[in-house]
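Comments concern the structure below.
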Amino acid sequence: QVQLVESGGGLVQAGGSLRLSCAASGRTLSRYGMGWFRQAPGKEREFVATISWSSGSTNYADSVKGRFTISRDNSRNSVYLQMNSLKPEDTAIYYCAAVRAIVPVTTGPEYDYWGRGTQVTVSS
């Protein structure tokens, strides 16, 4: 089992930045692909970003390309999401997830483990 705990969410003004962290316990993440997803009120969960276990490959949703950066530190069993130039439409609960896969995975149902999420609110 892998337990994932997100942190770093909060309230920020439009144009600001936040850095989300996801810490894992239970197993090493070194053989897991990692992803960030988000769910806004009244909307379905959507893919944000993913990174392969080796950090060799990343993939982003079009809505966050150029603004968000996913990274990981396998020595710390952690993954991060740097979010810059935040917009009100980025407001959502952000979830970290892990999938036992070599290539980046962008579809939520394929992920094996999920955190409980952290709230990000961007004010206009």
Side-chain angles (χ1 to χ4, degrees):
Q1 289 287 332
V2 175
Q3 292 80 43
L4 302 173
V5 178
E6 303 93 338
S7 62
L11 173 64
V12 64
Q13 289 188 331
S17 298
L18 282 175
R19 186 185 191 224
L20 304 184
S21 298
C22 174
S25 61
R27 278 186 190 173
T28 177
L29 290 182
S30 61
R31 296 296 177 179
Y32 286 82
M34 298 299 297
W36 287 96
F37 292 78
R38 67 186 182 186
Q39 187 167 18
K43 295 187 177 181
E44 293 187 353
R45 182 180 63 195
E46 65 175 359
F47 164 74
V48 175
T50 185
I51 187 167
S52 65
W53 68 270
S54 66
S55 300
S57 298
T58 58
N59 200 333
Y60 296 91
D62 288 342
S63 59
V64 307
K65 277 181 183 176
R67 300 189 298 122
F68 291 11
T69 303
I70 188 171
S71 62
R72 66 189 296 164
D73 185 343
N74 288 339
S75 68
R76 295 179 181 271
N77 234 23
S78 296
V79 64
Y80 309 97
L81 186 68
Q82 177 66 43
M83 306 187 294
N84 299 327
S85 303
L86 283 162
K87 305 175 181 180
E89 51 263 43
D90 294 318
T91 295
I93 299 174
Y94 283 71
Y95 298 91
C96 170
V99 58
R100 195 163 179 86
I102 296 175
V103 297
V105 176
T106 63
T107 50
E110 295 189 59
Y111 278 75
D112 301 301
Y113 302 102
W114 292 83
R116 292 190 174 184
T118 184
Q119 176 71 48
V120 171
T121 304
V122 185
S123 63
S124 57

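We number each residue from 1, following the sequence as shown.
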Is the shortest heavy-atom distance from the side chain of [X] to the side chain of [Y] under 4.5 Å?
{"X": "Y113", "Y": "Q1", "result": "yes"}
{"X": "V99", "Y": "T50", "result": "no"}
{"X": "L29", "Y": "W53", "result": "no"}

key: Separation between OG of S78 and CG of L4, rounded to the nearest 0.5 Å   = 10.0 Å
key: Counterpart residues, side chain to side chain donor-acceptor pair (under 3.5 Å), relative to T28 (two or more places apart)   = S30
key: Residues that K43 engages under side chain to side chain donor-acceptor pair (under 3.5 Å), provided they are two or more places apart   =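 Result, side chain to side chain donor-acceptor pair (under 3.5 Å) vs K43: none returned.
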Testing the basics here: between [X] and [Y], what is the closest heavy-atom pair and its distance to 0.1 Å?
{"X": "A98", "Y": "M34", "value": "CB-SD, 3.5 Å"}
{"X": "G9", "Y": "V120", "value": "CA-CG2, 4.1 Å"}
{"X": "G8", "Y": "T118", "value": "N-OG1, 4.3 Å"}

ask   = Got a sec, which pairs hit salt bridge (Lys or Arg N to Asp or Glu O under 4.0 Å) with one end in residues 3-29, sequence neighbours left out?
value = none
message = Going by salt bridge (Lys or Arg N to Asp or Glu O under 4.0 Å), name the pairs with one or both residues in residues 112-124, residues two or more places apart or in two chains.
response =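 Sorted pair list comes back empty.
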Partner residues of [X] under the side chain to side chain contact (heavy atoms under 4.5 Å, CB included) criterion, sequence neighbours left out:
{"X": "S54", "result": "S52"}
{"X": "I70", "result": "W36, A49, I51, T58, Y60, V79, L81"}
{"X": "L11", "result": "T121, S123"}
{"X": "A14", "result": "P88, V122"}

ask   = Which pairs with one or both residues in residues 27-87 pass disulfide bond (SG atoms under 2.5 Å apart), sequence neighbours excluded?
value = none
ask   = Which residues satisfy the ring-ring contact (aromatic ring centres under 6.0 Å, His included) test with F37, sequence neighbours excluded?
value =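 Per chain and number, F37 pairs via ring-ring contact (aromatic ring centres under 6.0 Å, His included) with F47, Y111, W114.
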task = Determine which pairs satisfy ring-ring contact (aromatic ring centres under 6.0 Å, His included) with at least one residue from residues 61-110, sequence neighbours left out, and list them in order.
result = none
ask   = Tell me, which pairs form a side-chain hydrogen bond (donor to acceptor under 3.5 Å, both in side chains) where one or both residues lie in residues 83-93, sequence neighbours left out?
value = S17-N84, R38-D90, R67-D90, Q82-N84
